[in-house]
Structures are given as C-alpha cells and as structure tokens.
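A quick note: this is a predicted structure, and the numbers were derived from the prediction, not measured. Read the numbers this way: they start at 1 and go in the same order the structure lists the ligands and their atoms.
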Amino acid sequence: MGLLQLGTPLAWPEAKQAANQVREWGIEQLLTIWRKAKVKERDALLWGDEIEYLVVAIDDQQKKVRLSLCQADVLKKLANDHDLAKQGTLVPDLQDTILPDLQDNAIRSGSLPTFHPEFGRFMLEATPGKPWGIGFKDLLDVESDMKNRRVIAKQHMDPDQYPITLTTFPRLGTRDDYITPYYPPSGPALRSQFVPDEIANPHIRFPTLAANIRSRRGRKVELNVPVFKDKNTPNPFHDPTVNHDLHIWPEDDDVRNGAAKENCVYMDAMAFGMGSCCLQITFQAKNIREGRTLYDQLSPLGPVLLALTAATPIYKGFLVDTDVRWNQISRAVDDRTPGELGEKPLKDDRWRIPKSRYASNSTYIAQDPRLRPEYMDPNLIVDERLKQKLLDGGMDDLLATHFAHLFIRDPLVIFSEDLKVLDPEGSNHFENIQSTNWQHMRFKPPPPDADIGWRVEFRSMEIQITDFENAAFAIFIVLVTRAILSFDLNFYIPIPLTTENMETAHARDAVMKEKFWFRKDPFPRRSPKASPTLNGVDASKESLGPVEDEYRLMTIDEIINGTSSSSSDEEDYFPGLIPLVESYLDSVNIDVTTRCELARYLDLIRNRANGTLWTGAKWLREFVRSHPEYKHDSEVSEHIVYDMFRAVDDIGKNEGRKGWMISMA
Ligand code: GLU
Ligand code: MG
C-alpha cells in the first residue's frame with residue numbers, strides 16, 4: 001500500500017489547503033531524484049513478488065469462519081522471531097513444520113521472508129527476504145519460498161487462524177458476526193452501514209486515507225456490483241442488507257439519495273476494495289531506459305493477466321456477475337468530486353477526470369521510435385504548470401507528461417510535521433502522490449537513500465488460492481519480460497483499448513467468453529528513425545499504415561497460446577506469449593531439469609488460457625452453486641463459506657504433492 005510514517009495527519013479541509021505545497025515540493029523532490037538516478041546503470045535484472053493474505057479464524061464447532069483482526073499480533077510475533085532468526089535460530093523453528101523440505105531452502109537462501117501490514121486489519125503481506133536474481137534457478141525457488149512464507153505466517157498465528165489467499169472474504173459486511181473480535185458498524189472514519197472502523201489497520205494513515213477520500217468526494221464511496229442472477233434470485237433484486245432508515249451520520253443519506261442501485265450488491269467503504277488481496281511483481285531494470293520500456297510493454301498485458309487470474313465472484317454474501325476485484329477497489333478509493341466526475345458543473349475543481357486514482361494506467365513513457373502518437377490517451381489530463389516545471393528541470397516530454405498526470409491528484413494524507421521544511425533530498429512528498437496513484441503499472445524511481453534502481457511494478461493480478469499458481473504467474477511474467485527485452489517485442493496498442501480491455505476482464509468467465517484488443521505483430525520492425533527522409537517526408541511513417549490495422553480482438557487462448565497454424569488465415573496469425581517464452585528459453589543456455597521444472601508452471605498458464613483449468617472465480621462460483629445448501633438465489637451462506645474455506649485449506653495442504661489442478665471434470 002505504500003509508505004507508512006508517523007505524525008499528525010490533517011483532516012480534509014486543512015489537507016486541501018496544503019495540497020499545492022505538497023505537489024510543488026513533490027515535484028522538486030522528483031527532479032532531484034531523477035537527476036541523480038537517470039544516469040544509474042545496473043547489470044542485474046532483479047525482481048520481487050508480493051503476496052497478500054486474508055487471515056481467518058475457522059470455528060469447526062460452530063462451522064463458521066470469521067475474518068480475524070489479528071494483523072498486529074501476528075506481525076509482533078513475527079518481528080520478535082525475526083530477531084531470533086538473526087541469531088541463527090531459524091532452523092529449529094522450521095524443523096517440525098509440515099513441509100520439512102523447506103529447511104534446506106531456508107538454509108541455502110539464508111534470508112527469511114518479510115511480512116508487512118496492509119489496509120485491512122485482517123490482512124498480511126509477505127515478500128521474499130531479498131530480491132530474486134536473473135538466474136533461472138531462482139525461478140525454481142519461488143514456489144517453495146511462497147510456501148515457506150505461508151508456513152511461517154501460520155506458525156505465528158493461533159491454532160484456529162489461517163493465512164488464506166482468496167482475494168476477498170465472501171461475507172465481509174454481512175449482518176452476522178463475520179469478524180473476530182466483533183465490532184458493530186459504524187465509526188466516524190468509514191461511516192459505513194456494513195463495516196466498523198476497526199476493520200482497517202489502526203495506523204493513523206489508513207483511517208485518515210479513508211476519511212479524507214470520503215470528505216473530498218462529499219459522500220461515501222459507492223460500490224455497486226451486479227448480482228449474479230440465478231434461477232431463484234429475486235427480480236428485480238434489491239440488496240436486502242441495505243438499511244434506508246439509519247440516521248447516525250450525514251452520509252446515511254447516501255442510500256436515500258439512490259446510492260444503492262437495483263440489481264446490485266451495494267457497498268459503501270474503502271475496506272470493500274482495499275481489503276482485497278493481489279499478487280504483484282516488481283522488476284528492477286538495469287537503467288531508466290529499460291524501465292521505461294518494461295512499463296510500456298507490460299501495460300497491454302495487465303487486463304489479460306487480470307482475466308486469467310480472476311478469483312472474485314462473491315461480495316457481501318452474494319454471488320455477483322463479475323469475476324475480478326479491480327473495479328471494486330477503483331470505486332472504493334474514488335475521491336473524485338461530483339464536478340470531476342462530470343455529474344455536476346465544475347466549480348471548485350480544475351478538471352473533469354475520467355478515471356479513479358485506482359485504475360488502468362494512462363501513459364506510455366518509453367523513448368521508443370515505435371511509440372506512435374496515436375497510441376497515447378487522448379483524454380489524458382495533466383497539470384500543465386507542473387509539467388512545465390519538470391520540462392524546465394530538464395525532463396523529457398514523455399516522462400514529464402507521465403508525472404504531471406499523476407500529480408493532478410490531491411495528496412490525501414498529509415502530516416503537519418512534513419509541511420515545515422522541505423527536505424530536497426527526500427521523497428516523502430513525491431511518494432505521497434505517487435503511492436496513492438494505484439494504476440495497474442507503476443514506474444518507481446530509485447529511493448534517494450538506497451542502492452536501488454528504477455523499478456516497474458505489475459499490479460493487476462489477483463491472488464491465487466495456491467502457492468503453485470502464484471508462483472506460476474510470477475514466473476510467467478518474469479519470463480515474458482525476459483522475452484520482451486531479449487527479442488525487443490512490441491505490444492503497443494492505443495491506451496484506450498487497454499482501458500476497454502480492463503472492463504472486459506470483469507465479465508464472468510472472460511477467459512473463455514470474451515475477446516481482448518491485442519497487437520497482431522509483436523516482432524520488432526526497422527526503426528523509423530533509421531529510415532531515409534524523402535523530400536522532408538518521413539518514408540517510414542507512410543509505410544506504417546493506419547494504427548487500426550495493427551491490432552485486433554483476440555481470445556485469451558490466442559494471446560497466450562497463439563493461433564493454431566491450421567485453422568487461421570495468415571492475417572490472423574499471432575505467435576502467443578507462451579510460444580514466445582519457449583523460444584526465449586530455447587535461445588538461452590538452460591539445463592534440461594530446470595527447463596522441465598519451468599514447464600510445469602507454464603503448463604498451468606497454458607491450460608488456464610485454453611480452459612482446461614478453471615480460474616479461481618469459476619471454481620468458487622461452481623463450489624457455491626453445487627453446494628447442497630445453496631438455494632439458487634445468489635446467497636452464499638455462512639455454512640457454505642465454512643465448507644469453502646475448509647476446501648481451500650485442503651487444496652493448500654495437498655498441492656505440495658501434486659500441484660493444484662482444477663479440471664473441467
Ligand atoms: N491490495 C491491492 C490490490 O488488490 C493493492 C494494494 C497494494 O498496492 O499493495 O490491488
Ligand atoms: Mg500490498
């Protein structure tokens with residue numbers, strides 16, 4: 001979620017007053033960082049993964065599962081144990097784990113995973129203790145490292161508590177006691193009808209973030225997810241959990257003003273979005289140029305990987321008609337005012353803003369001759385004044401545009417201590433804006449005080465139920481980046497098409513049923529810069545042809561596995577990301593055993609894309625629909641959720657042996 005720091009946070013009216021100062025100082029800090037780091041050259045392509053967990057307490061007696069608000073306790077226990085680990089006591093600690101093979105790994109890597117807090121007080125995040133390197137052997141350690149993290153987390157929990165990698169808790173915000181310890185709604189920060197303030201991490205940053213989003217917006221956040229219409233679902237459907245008669249907060253008027261939409265499950269708090277778990281991969285590039293290339297080339301893959309990892313079919317006790325978390329998080333942190341949303345005339349605000357702070361990205365930044373102006377987002381909003389500052393500071397137009405776009409947002413959490421003097425060598429004001437722009441790609445400059453390079457974060461993927469799957473997606477994306485860099489691949493499509501693809505990824509079973517815009521020819525072309533200019537006319541430009549000819553709608557199977565040579569005509573040929581990765585692996589020196597091991601992971605991706613294996617969303621939906629207690633009315637009862645979590649835990653226990661395969665059978 002970004003930086004944690006201590007101080008006195010400003011409530012919204014004061015924070016708004018200080019917004020310009022924070023932006024100005026943030027831009028100054030960015031220029032200093034950029035000037036220093038633009039010449040940085042590194043050799044190794046390092047990378048890291050982040051796994052987010054829900055922690056639940058399973059009550060076998062009552063056959064009930066609750067979210068456990070135990071983040072602080074678990075982190076405390078882990079921190080204490082990390083001290084022990086530094087003294088070399090890790091091995092005895094691991095000796096009686098259920099996965100004894102991990103001991104070797106722990107000794108060999110010599111570094112323990114790191115655990116972090118997240119937005120929900122029921123969430124944990126874990127990363128490897130040190131970044132993964134360029135070597136293929138490292139890829140083979142990812143799965144066991146992820147398993148190790150889960151084992152270590154579990155060891156620092158009570159016996160009834162479990163770290164679970166589902167994106168969302170299916171009964172978050174229902175009327176029963178779905179959290180432990182129990183707190184009733186609603187508190188002054190979230191003002192939610194459904195969840196208490198205690199659902200969020202108590203660190204002052206998080207309630208302030210939620211409260212200031214609400215205040216800036218002028219009402220609560222509004223999440224309406226279409227309900228999944230089963231044969232006994234009321235038609236029209238009115239979310240029965242919504243209370244129209246509350247009069248605690250002024251925001252209770254939201255529902256009387258129509259916030260809860262017909263045929264939708266309605267939610268009203270940041271926790272319904274930022275309480276979701278994802279799988280993120282961060283790459284460190286060898287220099288800024290490579291970072292900018294990766295940012296652009298991975299961007300069109302975001303929606304494809306969102307659809308492939310889909311794992312979110314249930315909200316607030318109801319099956320919904322979408323499969324992914326993305327738009328819910330987007331709405332859960334959408335601080336735009338009615339003016340910015342275009343619902344009312346613009347009065348106090350500067351622009352109409354087309355997207356939430358959490359949304360698909362809107363810029364390309366690589367200085368790549370293949371980047372045609374037609375690919376850029378015609379609706380991009382930038383702060384022209386701040387852009388000019390960056391240009392005056394020597395930054396090029398593309399990068400200045402990118403940051404001046406992020407800087408259209410107000411800082412949401414400002415600590416009064418930070419407004420006294422500017423630390424020109426710091427990054428706090430820059431990070432304030434940067435880390436609350438949750439786009440599906442993030443371009444990260446080096447922190448001023450650490451020996452770290454330019455990084456690119458790939459943020460769209462949903463967390464998977466098993467570590468085998470999480471490792472497979474991490475490894476796949478890593479290998480795709482290697483193929484991109486090694487073959488100089490070109491996945492450019494116009495940005496609005498990626499925005500559209502992101503919506504498409506939400507559809508139920510999008511992997512099998514939808515088509516996504518994708519570039520037809522990913523292979524590098526002759527650089528237009530190198531082409532001759534005839535009478536002042538750039539010959540290469542003419543030979544490029546209309547942009548519309550460069551892409552077409554493809555199934556996920558075509559994008560991942562390629563078009564089959566027999567069926568399609570030449571015009572429709574696409575090589576497929578897996579075959580591209582395979583050619584990359586053919587082109588490097590890699591031993592047979594490693595290659596075979598990697599094939600297991602690539603098979604999962606291949607089979608997800610062709611439908612042989614189900615997405616988590618499909619499995620969860622079918623689990624509910626085939627449960628004897630399910631009444632085909634969209635409701636997911638406490639008992640069904642209990643059985644679901646037991647099943648999820650069993651899958652986790654068994655996957656070590658056979659790898660988890662959900663088949664059509
Ligand atoms: N949990 C958020 C998600 O599912 C991301 C939070 C973060 O950036 O760490 O996308
Ligand atoms: Mg996180």
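- Among the atoms of E125, an N, O or S atom falls under 2.8 Å from the Mg ion (ligand 2).
- Ring geometry for F206 against F119 counts as perpendicular: the plane angle is over 60°, on a 0 to 90° scale with 30° as the lower cut.
- A salt bridge does not link R121 to E198: none of the charged nitrogens lies less than 4.0 Å from a carboxylate oxygen.
- With salt bridges taken as basic N to acidic carboxylate O contacts below 4.0 Å, one links D239 and K316.
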Quiz item: Under the ring-ring contact (aromatic ring centres under 6.0 Å, His included) criterion, do H402 and Y295 qualify, and how do the steps go?
Solution: CA-CA 11 Å; H402 169 77; Y295 180 88; 5.4 Å; yes
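- Remark: ligand 1 and W438 share no N or O pair separated by less than 3.5 Å (distance only, no angle test).
- By the criterion of a heavy-atom distance under 4.0 Å, neither the backbone nor the side chain of E462 is placed next to ligand 1.
- Atoms of ligand 1 lying under 4.0 Å from at least one heavy atom of E118, given by number and element, are 6 (C), 7 (C), 9 (O).
- Taking a cutoff of 4.0 Å between a charged side-chain nitrogen and a carboxylate oxygen, D49 and R149 qualify as a salt bridge.
- Nearest N/O/S atom of E52 with respect to the Mg ion (ligand 2) is recorded as OE2.
- Annotation for ligand 1: atoms under 4.0 Å from non-hydrogen atoms of I329 are 3 (C), 4 (O), 10 (O).
- Residue R459 approaches ligand 1 through these ligand atoms, each under 4.0 Å from one of its heavy atoms: 8 (O).
- W619 and F623 have tilted rings, their planes meeting at an angle from 30° to 60° on a 0 to 90° scale.
- The name of the N, O or S atom in E118 nearest to the Mg ion (ligand 2) is OE2.
- Under the 4.0 Å criterion applied to side-chain N and carboxylate O atoms, D334 and K355 are not assigned as salt-bridge partners.
- Listed by number with element, the atoms of ligand 1 under 4.0 Å from a non-hydrogen atom of Y358 are 3 (C), 10 (O).
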